[in-house]
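A quick write-up on the structure given underneath.
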Amino acid sequence: MAQKPSIPKGTRDFSPSEVIKRNYIFDIVKKHFQTFGFQPIETPSFENSDTLMGKYGDEGDRLIFKILNSGDFISKVDDVTYSSKNSSSLTPKISEKALRYDLTVPFARYVVQHQNEIDFPFKRYQIQPVWRADRPQKGRFREFYQCDADVVGSDSLLQEVELVQLYDAVFTSLKLEGVNIKLNNRKILAGIAEVIGAGNNLINFTVALDKLDKIGEEGVKKEMLAKGISETAIEKASPLFYLNGSNTEQLDKLQYLLSSSEVGTKGVEELRFILEFIEEVGLQSAKLSIDVTLARGLNYYTGAIFEVSAPEGVQMGSIGGGGRYDDLTGIFGLKNVSGVGISFGLDRIYLVLEELGLFPKTIEQSLDVLCVNFGEQEALEALRLTTQLRSAGVRADIYPSDAKMQKQMKFANSRNVPYVILLGAQELKDKTFVVKNMSNGEQETYNFDAIDDFIAKL
RNA sequence: GUGGUUGUAGCUCAGCUGGUUAGAGCGCUGGUUUGUGGUACCAGAAGUCGCCGGUUCGAACCCGGUCUUCCACCCCA
């Protein structure tokens with residue numbers, strides 16, 4: 001054999017059974033997106049570099065896959081730039097396009113570009129792959145799917161409430177019980193920073209706070225100190241580390257803590273609204289909890305922040321996230337359009353469902369009936385049968401050669417076919433066929449003209 | 001991007017301080033059983049030991065490089 005071919009780092013092939021299981025998730029997500037009134041759009045796999053660069057921070061820029069220009073691109077670079085060997089000045093000259101990094105920024109671009117055709121508020125969903133030049137790990141790939149649902153053109157908190165319901169609806173349908181929807185608000189984080197006197201260091205403050213569950217209180221304090229947050233400020237923030245109790249209790253404590261901050265108070269009010277509405281309508285299987293340490297996410301979030309973590313006991317990063325961004329389209333020149341959205345991480349949800357054994361057994365049945373092939377004459381009759389079954393919508397197939405019965409049965413078995421039809425010389429003579437139920441081994445004989453009776457039993 | 005880790009049959013993995021023809025289980029193929037799979041028994045096929053180079057009389061094993069896997073940072077779905 002020649003040297004084995006391979007695929008790039010962080011990418012995967014999907015086998016039939018994997019594709020079926022992935023589609024199972026896609027279908028459920030899509031179904032709920034639609035029942036919540038979201039409309040589908042798609043955008044190109046690659047965008048102009050200007051559209052993407054600078055939208056995700058320095059770290060993000062590094063992770064964007066750039067596409068080389070076509071043609072003899074290097075000859076068009078001036079000598080100074082070329083010999084400087086400086087990537088950041090050379091890259092824009094040889095690459096004008098880049099692969100989509102997420103679905104939110106292309107969506108913002110879409111909204112701005114099509115603003116005159118869109119009826120606001122616009123609820124759109126989008127299920128497409130994105131690419132990141134990240135170092136792969138478990139549940140972390142260079143090509144993966146995002147399933148996004150966003151609403152633009154409405155600043156009503158009702159949207160946040162509905163998005164929480166949407167998360168709950170999808171995970172309930174997937175039988176993935178006990179997921180934790182964590183909720184925070186950027187305004188609360190800003191309020192805290194303001195109250196403790198670290199308002200000008202908000203990003204460093206929140207990034208450090210986000211690590212609380214990972215590196216503990218001491219670790220967080222150490223990092224804050226290293227990032228230039230004063231000791232007195234950290235001292236003032238200490239109550240955050242001991243924020244516990246029910247959601248309402250936490251809110252009350254926050255309200256007290258943030259009473260001197262206008263923005264902080266606003267954040268508490270917003271959270272309270274969402275929690276109260278959700279309490280009224282109830283959730284089916286998900287948990288909703290306040291988590292002030294939740295700071296994940298891009299710097300464009302301005303209001304609510306969501307993150308969904310897998311049920312306890314499953315080692316997996318977040319399986320979904322989202323939030324409100326008051327000014328997302330602003331970066332493309334359209335002011336005062338507020339948006340809020342959530343995302344489902346298909347690939348990670350897949351890993352979680354697989355680990356917990358939550359994929360339904362039946363989805364791997366890609367065939368309802370297989371006819372055993374006993375030779376030319378018998379096969380002709382079996383083909384007639386198969387044709388009738390197919391036109392009745394039954395997924396039926398006939399084994400292509402009259403291989404040994406054992407082999408054909410084994411094939412049916414490994415394909416998870418629930419029924420096998422036997423139509424040999426004897427049956428041909430009697431104008432009958434035998435149906436074998438592969439799960440219990442029972443066999444039943446039908447006349448040719450009684451095929452509908454068999455179909456009815458499927 | 002930083003530090004570490006992994007790669008041996010289709011799959012999961014053994015393989016001693018370097019020493020003849022590199023092993024197991026599962027799977028696969030054939031048979032026991034020419035009209036019965038999922039169980040059992042028997043037999044068989046299948047590996048330039050990730051790739052390139054070096055050290056050595058001799059390398060799956062030691063050294064360097066490279067790709068890949070996973071892990072911790074970073075960041076994130």
Side-chain angles (χ1 to χ4, degrees), chain A residues 1-12 15 25 29 56-64 87 100-104 127-148 203 207-208 210-211 214-215 219 223 294-299 306-310 315-323 341-352 370-375 378 399 402-428 433-443 445:
Chain A
M1 184 159 59
Q3 187 163 9
K4 277 188 186 169
S6 62
I7 55 173
K9 186 202 301 209
T11 64
R12 295 145 303 154
S15 66
I25 303 174
V29 169
Y56 310 99
D58 292 344
E59 183 66 17
D61 282 358
R62 190 172 62 78
L63 298 178
I64 292 174
S87 306
R100 194 203 286 134
Y101 176 87
D102 72 354
L103 300 179
T104 308
I127 299 177
Q128 289 190 280
V130 302
W131 295 270
R132 294 183 188 179
D134 213 344
R135 241 193 222 195
Q137 281 182 29
K138 188 181 179 187
R140 191 167 177 177
F141 309 99
R142 301 186 115 180
E143 177 184 62
F144 61 97
Y145 269 80
Q146 287 193 333
C147 312
D148 275 26
I203 299 287
V207 166
D210 188 48
K211 294 180 187 163
K214 213 166 183 176
I215 59 178
E223 173 156 341
L294 176 62
R296 211 54 82 78
L298 311 162
N299 15 30
F306 303 107
E307 183 172 297
V308 184
S309 55
Q315 202 64 33
M316 182 60 64
S318 62
I319 55 177
I342 57 172
S343 178
F344 291 81
L346 170 101
D347 299 86
R348 286 188 178 175
I349 293 172
Y350 180 100
L351 291 170
V352 172
L370 180 75
C371 292
V372 174
N373 187 326
F374 285 97
E378 294 90 337
Y399 199 85
D402 59 344
K404 281 197 172 174
M405 181 130 180
Q406 196 170 203
K407 190 183 165 92
Q408 300 191 43
M409 293 301 288
K410 229 170 178 172
F411 178 80
N413 198 53
S414 56
R415 280 287 305 273
N416 285 315
V417 181
Y419 294 99
V420 168
I421 285 181
L422 305 169
L423 202 170
Q426 189 59 48
E427 286 80 9
L428 192 61
F433 59 93
V434 172
V435 175
K436 172 163 180 147
N437 180 327
M438 292 296 276
S439 56
N440 59 19
E442 284 171 15
Q443 302 194 170
T445 306

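Keep in mind the model is a prediction, meaning the values are calculated, not measured. Residue numbers begin at 1 in each chain, while the letters A, B, ... track the order of the sequences.
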Is it the case that the side chain of A:Gln146 and the backbone of A:Gln128 share a donor-acceptor pair, with hydrogens and angles ignored and the cut-off at 3.5 Å? no
Check: A:Arg142 side chain, B:C75 base, donor-acceptor under 3.5 Å: no
Does any N or O donor sit under 3.5 Å from an N or O acceptor when you compare the side chain of A:Glu378 with the base of B:G35? no
Whole-Å P distance, B:G30 and B:C62: 41 Å
Taking A:Thr11 for its side chain and A:Ile7 for its backbone only, find out whether a donor-acceptor pair lies under 3.5 Å. no
Parallel, tilted or perpendicular, as decided by the 30° and 60° cut-offs, for the rings of A:Tyr399 and A:Phe411: perpendicular
Should we say atom CG of A:Asn440 is surrounded by more than 12 heavy atoms from elsewhere, each under 6.0 Å from it? yes
Would you check, one step at a time, whether the test salt bridge (charged side-chain N to carboxylate O under 4.0 Å, His left out) holds for A:Glu442 with A:Lys436? CA-CA 6 Å; A:Glu442 284 171 15; A:Lys436 172 163 180 147; over 6 Å; no
Please measure how far the P atom in B:C16 lies from the corresponding atom in B:U32, and state the result in whole Å. 41 Å
With sugar-phosphate meaning primed atoms plus P, OP1 and OP2, does A:Phe344 contact a base, only sugar-phosphate, or nothing at under 4.0 Å between heavy atoms? nothing
Counting only Watson-Crick and G-U wobble pairs with both atom distances below 3.5 Å, the stems of 3 or more consecutive pairs that include RNA chain B are B:1-4 with B:70-73, B:10-13 with B:23-26, B:28-32 with B:40-44, B:50-54 with B:62-66
Rounded to whole angstrom, note down the P distance from B:U8 over to B:C61. 14 Å
Heavy-atom nearest nucleotide on RNA chain B taken for A:Gly321 and for A:Pro8; more 5' hit belongs to A:Pro8
Give each protein N/O atom lying under 3.5 Å from an N/O atom of nucleotides 29-32 of chain B, with the pair distance.
{"residue": "B:G31", "atom": "OP1", "partner": "A:Lys404", "partner atom": "NZ", "Å": "2.2"}
{"residue": "B:G31", "atom": "OP2", "partner": "A:Lys404", "partner atom": "NZ", "Å": "2.8"}

Start at the 5' end of RNA chain B and walk down; is the nucleotide closest to A:Glu427 or to A:Glu223 reached first? A:Glu427
Report the distance from atom CG of A:Asn440 to atom P of B:U39, rounded to the nearest whole Å. 17 Å
Can you tell me how far C1' of B:U34 sits from CG of A:Asn373, to the nearest Å? 15 Å
Which whole number of Å gives the distance between the C1' atom of B:U5 and that of B:A43? 41 Å
Identify which nucleotide among B:U36, B:G35, B:C70 has an atom closest to any side-chain atom of A:Pro136, counting heavy atoms from C-beta outward. B:C70
Protein-nucleotide distance (A:Asp210, atom CG; B:A77, atom P), rounded to Å: 11 Å
I want to check one thing: is the phosphate of B:U36, taken as OP1 and OP2, less than 4.0 Å away from some side-chain N or O of A:Lys436? no
Applying a 4.0 Å non-hydrogen cut-off, can you work out what A:Gly441 is touching in the nucleic acid: base, sugar-phosphate, or nothing? base
For a quick check, tell me whether the side chain of A:Arg135 and the base of B:U69 share a donor-acceptor pair closer than 3.5 Å. no
Do A:Met438 and A:Pro418 come close enough that some side-chain heavy atom pair is under 4.5 Å? no
B:U20 versus B:A60 - spacing of their P atoms, nearest Å: 10 Å
Which nucleotide, B:U68, B:C73, B:G35, lies nearest any side-chain atom of A:Lys9? B:U68
Hey, does A:Ser439 reach any base, or is it just sugar-phosphate, or nothing, if we go heavy atoms under 4.0 Å? base
Same-atom distance (C1') from B:C28 to B:C74, integer angstrom: 45 Å
Kindly indicate whether the side chain of A:Asn413 and the base of B:G37 share any N or O donor-acceptor pair separated by less than 3.5 Å? yes
Regarding the side chain of A:Gln426, the nearest nucleotide among B:G35, B:G37, B:C75 is B:G35
Just by modelled atom types, is the A:Asp134 backbone N or O under 3.5 Å from a matching donor or acceptor in the A:Arg142 side chain? yes
Are the side chains of A:Pro136 and A:Phe141 in contact, using a 4.5 Å heavy-atom criterion? no
Listed nucleotide nearest any side-chain atom of A:Arg348, set B:C71, B:C76, B:U36: B:C76
Short side-chain to backbone donor-acceptor contact, A:Arg348 and A:Ile319, under 3.5 Å: no
From the candidates B:G35, B:C71, B:C75, the one with an atom nearest any side-chain atom of A:Val434 is B:G35
According to the 5.5 Å centroid and 30° plane-angle thresholds, does A:Phe411 stack upon the nucleobase of B:G37? no
Rounded distance in Å - CG (A:Asp61) to C1' (B:G1): 14 Å
Taking any heavy-atom pair under 4.0 Å as a contact, classify A:Gln137: base, sugar-phosphate, or nothing. base
Polar pair under 3.5 Å, donor/acceptor by atom type, side chain A:Arg140, base B:C75: yes
Report the distance from atom CG of A:Asn416 to atom C1' of B:G37, rounded to the nearest whole Å. 12 Å
Are A:Gln408 and B:G37 close enough that a side-chain N or O sits under 4.0 Å from OP1 or OP2? no
Regarding A:Ile319, tell me which of base, sugar-phosphate or nothing describes its non-hydrogen contacts under 4.0 Å with the strands shown. sugar-phosphate
Rounded to whole angstrom, note down the C1' distance from B:U33 over to B:G25. 26 Å
If the C1' atom of B:G10 is compared with that of B:U56, how far apart are they to the nearest Å? 35 Å
Spell out, as yes or no, whether a donor-acceptor pair under 3.5 Å connects the side chain of A:Asp347 to the backbone of A:Arg140. no
In terms of side-chain heavy atoms of A:Gln443, which of B:G1, B:C71, B:U36 is nearest? B:U36
Using a 4.0 Å heavy-atom cut-off, does A:Gly10 contact any base of the nucleic acid, only the sugar-phosphate backbone, or nothing at all? sugar-phosphate
Interatomic distance where CD1 belongs to A:Ile127 and C1' belongs to B:A77 [whole Å]: 14 Å
Rounded to whole Å, the CG-C1' distance (A:Leu294 to B:C75) equals 15 Å
Measure from NZ or CZ of A:Arg132 to the centre of the six-membered ring of A:Phe144 and say whether it is under 6.0 Å with the direction within 45° of the ring axis. no
When rounded to whole Å, the CG to P distance for the pair A:Asp347 and B:A77 reads 13 Å
Measuring from atom CG of A:Leu370 to atom CG of A:Asn413, what distance do you get when rounded to the nearest 0.5 angstrom? 11.5 Å
Please say which of A:Thr445, A:Leu423, A:Leu428 ends up in a side-chain contact (heavy atoms from CB on, under 4.5 Å) with A:Phe433. A:Leu423
